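What's counted below: heavy atoms across the whole structure, side chains too, no hydrogens, waters or symmetry copies. All values reported here derive from a predicted model rather than from experimental measurement.
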Protein chains: 2
Amino acid sequence: MVTEREFLDGYDPRAYPAVAVTVDVVTLTIRDGVLHVLLVERGEQPHAGRLALPGGFVREETLDEAALRELAEETGILPRVHLEQLATFGDPGRDPRMRVMSVAYLAFAPRLPEPTVGGDAAAARWVPVAAATGLAFDHDTILAAGLERARAKIEYTPLATAFVGEEFTIAQLRGVYTAVWGEEPHAGNFHRKVLSVPGFIEDTGATTQRGGERGGPRSKLFRAGDARILHPALLRPSAEERR
Amino acid sequence: MVTEREFLDGYDPRAYPAVAVTVDVVTLTIRDGVLHVLLVERGEQPHAGRLALPGGFVREETLDEAALRELAEETGILPRVHLEQLATFGDPGRDPRMRVMSVAYLAFAPRLPEPTVGGDAAAARWVPVAAATGLAFDHDTILAAGLERARAKIEYTPLATAFVGEEFTIAQLRGVYTAVWGEEPHAGNFHRKVLSVPGFIEDTGATTQRGGERGGPRSKLFRAGDARILHPALLRPSAEERR
DNA sequence: AGAGATTAACTCGAACTGAGAAGAACTGTA
DNA sequence: TACAGTTCTTCTCAGTTCGAGTTAATCTCT
């Protein structure tokens, strides 16, 4: 916010050229055990042909609404997505045409159908995060910020459940951590831990109809609990190396 | 960011009226063991006479530079401040005059002199956070977000050292946690913990010249270490209650 | 039927935690 | 000066949590 004094003192259309505000969304999902991000292909200059994060102008709406709207326009219906503000990127020169402030959002989605090629995007598709480099503008930086946020956030919040369906097995949940962290937690300890953290997951009483693709018994099905933070947290194995 | 297609499709000066971008800074410090926030008094409408967070327009500079500049204008020189982006608040109607996007920043400062009554602000002063209510615009919300960020961040980063001087005692550091969390950690366990976390604090070899005001031996002096995260983390006592 | 894989549960020692206690050092006051 | 009270620092101890490994049971595929 701004005080009126500052507003009046500072207001000079030439000194403060028009500023555009957009939202860009880092949408993450897991497909076949690999973390993917939703990208659109740019059809025009600048950066024609390059991949970019989906996004667009903020209209007469809240920022959260703008992010949700952009996401819906790119991917169709979005059930059970978690959406949170990530950070704002507004350095001069990040867009060659004018000063553009981008409010970046981070979305966690369960496996979704291929994005509908409607909306504003010329083409939208899921790209493995390892292959998502050389993006337009400063979107490499925004994506990196989103990935780090995701990696940190599943440690102490139950957001990993936003990547799986309504009902899931502990192995599927472990697969989320493996995909996001890039390393696999110890299966036995992971099992013990998620069951012991209050409110993380609830037993539905049901089991899967079949065992795993490569064998093993049927596993119990769980649903997300009502905890909003995980205590104690599930720390990354690599946290040890930070010492 | 925005793709050019979206830019061209969406551009309509009447549909997207001018947007102003400001930075507002939640500056926290500890004075006499109490957490304070830096506020300015508004001299003009709207919200004349009410307190608000210091802030102002973003010029031809990065957002970080804008936050640092505003802070410097309000408080004079700022040695050893930690500054980080907090969140962006841009709901329609949060400013009655026009659409204003506020990129909020969070600053941790060691005890500073009274702010210089220069800069843009009519009057600037440190206010205990408990008394900082009824602020102008949505600044109550921004302050609350800053406080929660601060409480969480000193758990797993060494940022508490940003509130104290170059050299400090463990008791002073404990005072930071007490002021920010609103509850006092167990002195003995706190002592053991901060010494055992690698890179948190380093022994200078020196001690204070005097004991505490109310007695007690001289205490060792420490300086901040080079760790960027604390592992294991220093968790809030009240974290237990979240179960 | 058999090989291989997986779930789920258990064991073990190491590390960490909260709570309390105790000794030494120092202050201000009687 | 002596004393009461406060504080820094270290230590103890039991309970909890952790990483790593093991095991039994179950299931799929060949």
Side-chain angles (χ1 to χ4, degrees), chain A residues 33 155-156 164 167-178 181 183-198 200-222 230-243, chain B residues 33 155-156 164 167-178 181 183-198 200-222 230-243:
Chain A
E155 286 190 329
Y156 59 94
V164 293
E167 297 196 334
F168 52 88
T169 69
I170 291 182
Q172 287 173 334
L173 194 61
R174 177 158 45 85
V176 172
Y177 284 87
T178 304
W181 283 344
E183 53 193 329
E184 186 164 19
H186 183 288
N189 293 341
F190 183 86
H191 202 97
R192 174 181 60 187
K193 191 63 181 287
V194 296
L195 286 175
S196 72
V197 175
F200 190 7
I201 60 175
E202 295 174 355
D203 198 333
T204 64
T207 66
T208 53
Q209 290 298 310
R210 285 180 40 103
E213 290 183 12
R214 290 182 290 185
R218 300 176 184 180
S219 43
K220 295 181 183 175
L221 285 170
F222 296 83
L230 302 184
H231 186 79
L234 276 144
L235 298 180
R236 282 175 262 195
S238 60
E240 291 294 317
E241 300 166 15
R242 299 178 195 162
R243 299 189 183 189
Chain B
E155 285 190 329
Y156 59 94
V164 294
E167 297 196 334
F168 51 88
T169 68
I170 291 183
Q172 287 173 333
L173 194 61
R174 178 158 44 86
V176 172
Y177 284 87
T178 303
W181 283 344
E183 54 193 329
E184 185 163 19
H186 182 289
N189 293 340
F190 183 86
H191 202 98
R192 173 182 61 188
K193 190 63 181 289
V194 297
L195 287 175
S196 72
V197 175
F200 191 7
I201 59 174
E202 295 173 355
D203 198 334
T204 63
T207 66
T208 53
Q209 290 300 310
R210 284 182 41 104
E213 291 185 9
R214 290 184 292 183
R218 301 177 184 179
S219 42
K220 296 181 183 174
L221 285 170
F222 297 84
L230 303 184
H231 185 81
L234 276 144
L235 299 181
R236 283 175 261 194
S238 61
E240 292 293 319
E241 300 167 16
R242 300 177 195 165
R243 299 191 183 187

Of the listed nucleotides C/dT7, C/dG20, D/dT9, the one nearest the side chain of A/Arg174: C/dT7
Using a cut-off of 4.0 Å on non-hydrogen atoms, how would the nucleic acid contact of A/Ala187 be classed: base, sugar-phosphate, or nothing? nothing
Can you check the B/Gln172 CD to D/dT9 P distance for me, whole Å? 11 Å
Of all residues at least two apart in sequence or in a different chain, which pass the ring-ring contact (aromatic ring centres under 6.0 Å, His included) check with A/Phe190? A/Tyr177
Nearest whole Å is fine: how far is C/dT7 C1' from A/Leu173 CG? 15 Å
Helical stems, DNA chain C - three or more consecutive Watson-Crick or G-U wobble pairs below 3.5 Å: C:1-30 with D:1-30
What is the separation between atom CD on A/Glu184 and atom C1' on D/dA20, rounded to the nearest whole Å? 14 Å
From the list C/dG20, C/dT17, D/dC18, which nucleotide is the closest neighbour of the side chain of A/Pro232? D/dC18
Check whether any side-chain N or O of A/His191 sits under 4.0 Å from OP1 or OP2 of C/dA9, and answer yes or no. yes
Side chain of A/Arg210: nearest nucleotide among D/dC29, D/dA20, D/dT9? D/dC29
Pick the closest DNA chain C nucleotide for B/Gly188 and for B/Ala233 by heavy atoms, then say which residue is nearer the 5' end. B/Ala233
As a test of reading the structure: which of D/dC8, C/dT7, C/dA19 is closest to the side chain of B/Asn189, going by heavy atoms? C/dA19
Spacing of A/Ile170 atom CD1 relative to C/dA9 atom C1', expressed in whole Å: 11 Å
Between C/dA25 and B/Arg218, is there an OP1 or OP2 to side-chain N/O distance shorter than 4.0 Å? no
Counting C-beta onward and ignoring hydrogens, is there a side-chain heavy-atom pair between B/Leu173 and B/Phe222 closer than 4.5 Å? no
Respond yes when some side-chain nitrogen or oxygen of B/Lys193 is under 4.0 Å from OP1 or OP2 of C/dT17, and no when none is. yes
What are the two closest non-hydrogen atoms of A/Leu234 and A/Trp181, and how far apart are they? O-CH2, 3.5 Å
If you round to the nearest 0.5 Å, how far is CG of A/Leu221 from CD of A/Gln172? 7.5 Å
Shortest non-hydrogen separation from A/Val197 to A/Pro232 and the atoms involved: CG2-O, 3.6 Å
How would you label the contact of A/Arg192 with the nucleic acid (heavy atoms, under 4.0 Å): base, sugar-phosphate, or nothing? base
Is the backbone N or O of B/Gly211 less than 3.5 Å from a side-chain atom of B/Thr208, with the two atoms forming a donor-acceptor pair by type? no
Rounded to whole Å, the CG-P distance (B/Leu235 to D/dT17) equals 12 Å
What is the distance from CZ of B/Phe190 to C1' of C/dC16, rounded to the nearest Å? 17 Å
Check B/Gln209 against B/Arg218 and note the closest heavy-atom contact, atom names and distance. O-NE, 3.2 Å
Distance-only, no hydrogens or angles: does the B/Lys193 side chain make a donor-acceptor pair with backbone N or O of B/Ala233 under 3.5 Å? yes
Interface polar pairs with nucleotides 2-5 of chain C, N/O, under 3.5 angstrom:
residue, atom, partner, partner atom, Å
C/dA5, O4', A/Arg214, O, 3.1
C/dA5, N3, A/Gly216, N, 3.3

Considering non-hydrogen atoms only, spot the tightest contact between B/Glu155 and B/Leu230 and give its length. O-CD1, 3.9 Å
With a 4.0 Å cutoff (strictly under), does any side-chain N or O of B/Lys220 reach OP1 or OP2 of D/dT7? no
Does a side-chain heavy-atom distance below 4.5 Å link B/Pro185 with B/Arg174? yes
